[in-house]
Protein chains: 2
Amino acid sequence: MLLKASISTHLADLFSALSDPTRLRIISVLLEGEMNVGEIATQLVMTESAVSHQLRGLRQMKLVRARKAGRQVYYSLDDDHVEKLYRMGLEHVEHG
Amino acid sequence: MLLKASISTHLADLFSALSDPTRLRIISVLLEGEMNVGEIATQLVMTESAVSHQLRGLRQMKLVRARKAGRQVYYSLDDDHVEKLYRMGLEHVEHG
DNA sequence: TGAATACTTGAGCAAGTATTCATATATCTA
DNA sequence: TAGATATATGAATACTTGCTCAAGTATTCA
């Protein structure tokens, strides 16, 4: 049945959150556990600013959660649907 | 483990295909079976041109398949991973 | 053959996005 | 308290995207 316009935009927002290589790479490292911004930036070989901007989007979409510890901020995945979508997409890409 | 850059872009492309309300609405009607461009456009209340442009993207991503019959072109879903991703995303949006 | 129908395509524009750079805020340490 | 560290944020820029409009191709039918 035709998806209602309002639901279609929410669903599009969810997939949009997963539609960028940088965000997917952030998710891939957070699958192993929480990590702070500097560590993520080091792993991805990107500036902390760029990573921070992307984390903001993921935070707003409630896909990651932030935990502040001193001056570090540790991020972790805040949604197991995301992990499922990520893994299912990856499966499709790797042997689809 | 950190997702390789090349795979991350492929995965992002897949999710990008699902990251637009119009494309999701097209997918939602094609879940019920094949449909031609004019019928899709009527259901979505959009121009055939706009729908055709989106179908092109979905075709290039191999998410839909086209069957020509006379001057009509019938589209159908070409990938059951897509249906799974769609349904899982929808579940998340509807009661997440 | 000529007109109508069904769809596709390219150009152009408005709106959105990801990154960089500079700056701001918060926290720790000497 | 001053300076260093960790992160966040705003503005600017380059790039991408979705639609419209006009024109093009293919097919049917009178």
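Quick note on labels: first sequence line is chain A, next is B, and so on, each numbered from 1.
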N-O pairing of R87(A) and E83(A) below 4.0 Å: yes
What do the steps show when you test D78(A) against L63(A) for side-chain contact (heavy atoms from CB on, under 4.5 Å), and what is the final call? CA-CA 5 Å; D78(A) 190 20; L63(A) 302 190; over 6 Å; no
My understanding is that only residues two or more places apart in sequence, or in another chain, count here; which of them pass salt bridge (Lys or Arg N to Asp or Glu O under 4.0 Å) with R71(A)? none
Stems in DNA chain D: runs of 3 or more consecutive Watson-Crick or G-U pairs, distances under 3.5 Å? C:1-30 with D:1-30
Transitive ILVMFWY side-chain link Y74(A) to V82(A), under 4.5 Å: no
Considering only distance and modelled atom types, tabulate donor-acceptor pairs under 3.5 Å from the side chains of residues 18-40 of chain A, sequence neighbours left out.
residue: S19(A); atom: OG; partner: S16(A); partner atom: O; Å: 2.7
residue: D20(A); atom: OD2; partner: T22(A); partner atom: N; Å: 3.0
residue: D20(A); atom: OD2; partner: R23(A); partner atom: N; Å: 3.1
residue: R23(A); atom: NE; partner: A17(A); partner atom: O; Å: 2.8
residue: R23(A); atom: NH2; partner: S16(A); partner atom: O; Å: 2.9
residue: R25(A); atom: NH1; partner: L3(B); partner atom: O; Å: 2.5
residue: S28(A); atom: OG; partner: R25(A); partner atom: O; Å: 2.7
residue: S28(A); atom: OG; partner: L3(B); partner atom: N; Å: 2.9
residue: E32(A); atom: OE2; partner: M1(B); partner atom: N; Å: 2.3
residue: E34(A); atom: OE1; partner: R67(A); partner atom: NE; Å: 3.2
residue: E34(A); atom: OE2; partner: R67(A); partner atom: NE; Å: 3.3
residue: E34(A); atom: OE2; partner: R67(A); partner atom: NH2; Å: 2.5
residue: N36(A); atom: OD1; partner: G38(A); partner atom: N; Å: 3.2
residue: N36(A); atom: OD1; partner: E39(A); partner atom: N; Å: 2.9
residue: E39(A); atom: OE1; partner: N36(A); partner atom: N; Å: 3.2

Rounded interatomic separation in angstrom, taking CZ from F15(A) and P from dT17(C): 17 Å
Any pair with a residue in residues 75-96 of chain A that passes ring-ring contact (aromatic ring centres under 6.0 Å, His included), sequence neighbours left out, goes on the list, sorted by first then second residue, please. H81(A)-H92(B), H92(A)-H81(B)
Run the side-chain donor-acceptor check on residues 46-58 of chain A: report pairs under 3.5 Å with partners two or more places apart or on a different chain.
residue: T47(A); atom: OG1; partner: A50(A); partner atom: N; Å: 3.0

Between E94(A) and I7(B), does a side-chain contact (heavy atoms from CB on, under 4.5 Å) hold up when you go through it step by step? CA-CA 8 Å; E94(A) 285 180 334; I7(B) 295 185; 4.2 Å; yes
Per-nucleotide protein contact along nucleotides 6-18 of chain D, 5' to 3', at a 4.0 Å heavy-atom cut-off (B base, S sugar-phosphate only, - neither), is SBBBB-------S
